[in-house]
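First the structure, in the form of structure tokens, and then the observations on it.
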Amino acid sequence: MFVRARQDPVLTLHEEPAEAEVVSHRLMLRAGFIKKLAGGVYSFLPMGVRALRKIEGIVREEMSRAGALEVLLPALQPSDLWERTGRWDKYGKELFRLSDRHDRPFALGPTHEEVVTDLISQTVHSYRQLPVLIYQIQTKFRDEIRPRFGLLRGREFVMKDAYSFSADEDDARRIYGIMQESYARIFRRIGLDSRMVEADSGLIGGNLSHEFMILAASGEDTVLICEKCSWAANVEKEPDALACPKCGGPVSSKTAIEVGHVFYLGHKYSVPMEAAFLDKEGKEIPFYMGCYGIGVSRLLAAALEQSHDEQGMVWPPAIAPFRVSVLTLGPGMADRPEVQEAIRTLEDLWGEDVYIDDRDLRPGIKFQDADLRGFPYQVILGERNVAQGQAEIKIRRSGERLIVTLDSLAIALSDLYESDTQD
RNA sequence: CGGGGCGUGGCGCAGCCCGGUAGCGCACCUGCUUUGGGAGCAGGGAGUCGGAGGUUCAAAUCCUCUCGCCCCGACCA
């Protein structure tokens, strides 16, 4: 079933909210995708949650392709788990802490190494059960020193986190490689220009890690990129690199948004938590671990940082909240039999991805809203075209307009989408 | 945590310096006209001026404390 504009109570704003600085934040507030509840804490409105679900969908497909199984771990975590790795103290003020009615301390999970290591240590006892690769998509909590830029740095955010458990280092590194490829594929499918860089491991730990970066002016990270070979690194990792350590070529520095991070962990968590399995000889061996994160809600904002114009959002077709918005112009247009028939063919094609703006408003407002919200395609049904059995398709990204017959509308859109999303 | 800025109908703001019945634009509601790029006219609803305390005959306005929000920095996935 398609979605009608009249079902959504959210209004777009004509004026820019004063609280927003960066473009993605401004656009999401203005277009009614999110609404702030507190600093770094946002509600996702119908448009926003749809785009979020699109990203999640792609992530799930690619995790599945990589051989990962989905789980859902608790956000509420008892402190003793965190004490076993020493992170109850080390994580500091960024960890949201609370107590239950018996004064037992808990944390709201900022990440899940402890929980998942505990889970697997209780579940996996033999090398025969390895390797294990599991992931979840879940809300994370971090009491950031300074939340900012809307979804780019929140205190509550949606993250995909995956964890691998292997019997030896070679296998752990093999999975690390699979996840690197998977991540590159995810960002490509979403329609983003991403770059993998060598990174510092920070509090998560381990001694091998790579970040996936979206180049954008508003980025909080700085990456060094070799202009000759494929080498690239976070400046935190190579603070003094004046030339490429691989080929000696010149490096340039660019600001970027971190949207993914993969870590080789080794025994960092399995040893302190005594998480081990029995090998062929019956000997107890700690798991060789890896962990792999994607900032799902941050990706939404990062996509907009990379894809917008003066009129508003320009969603990559794969993650747009709706693939097409149908604008009926003038009173009665939405009720015409030939218009309803055309909409039915779109519904057969794309179902819920069809947004019908059948509001009884002046055309200008509908055009502005459709442009602001950045649906990839607009189907414009006005008297001048419908009277001749035709419709106009506007391609948001290029501004290009096509006239097609109502009968061929679905085919034309299907072709456009295919050519816009192929790798 | 240091520095700067800001809290007044849903959004954007004025009023504060110099105390005296809370205002403008947009949005919203009703009616009529209008309908291919944010319409026009007429009418209407909506704000304990972030909160607490104080000064005063009288506080959005002056004083004290406090909470929240935004930006820069330090810090950090």
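In what follows, every chain begins at residue 1, and chains take the letters A, B, ... in the order their sequences are listed.
As judged by a 4.0 angstrom heavy-atom cut-off over every strand, F149(A) is placed among residues touching the sugar-phosphate backbone only. Residue contacts shown for N234(A) are absent, as no nucleic acid heavy atom lies under 4.0 Å away. In this structure, L329(A) reaches the bases: a heavy-atom distance under 4.0 Å links it to at least one base atom across the strands shown. The residue E16(A) sits close only to the backbone: its heavy atoms come under 4.0 Å of sugar-phosphate atoms, none of a base.
RNA chain B is contacted by both P147(A) and A18(A); A18(A) maps to the nucleotide lying nearer its 5′ end (nearest heavy atom per residue).
For E15(A) against G25(B), a side-chain N or O and a base N or O form a donor-acceptor pair under 3.5 Å. For G37(B), its base sits under 3.5 Å from the side chain of R401(A) at one donor and acceptor pair at least.
In a base pair of the Watson-Crick type (N1 to N3 plus N6-O4 or O6-N4) or a G-U wobble (N1-O2 and O6-N3), with each distance short of 3.5 Å, C69(B) is matched with G5(B). Searching all strands for a Watson-Crick or G-U wobble partner of A52(B) with both distances below 3.5 Å returns U64(B).
Distances from the side chain of T12(A) to the nucleotides U35(B), G36(B), G38(B) place G38(B) closest. Of the candidates G12(B), G36(B), G38(B), G36(B) carries the atom nearest the I380(A) side chain, counting heavy atoms from C-beta on. Looking at the side chain of N385(A), the nearest of the listed nucleotides C13(B), G36(B), G38(B) is G36(B). Relative to the side chain of K36(A), the nucleotides C70(B), G12(B), C72(B) differ in distance, and C70(B) lies closest.
Contact annotation: R146(A) reaches the phosphate of C72(B) (side-chain N/O to OP1 or OP2, under 4.0 Å). In this structure, R148(A) reaches the C72(B) phosphate: one of its side-chain N or O atoms is under 4.0 Å from OP1 or OP2.
Between F33(A) and W315(A), the gap from one ring centroid to the other is short of 6.0 Å.
Within the 4.5 Å cutoff, no side-chain heavy atoms of M63(A) are placed close to those of Y292(A). Counting only heavy atoms from C-beta outward, the side chains of M313(A) and R396(A) never approach each other to under 4.5 Å.
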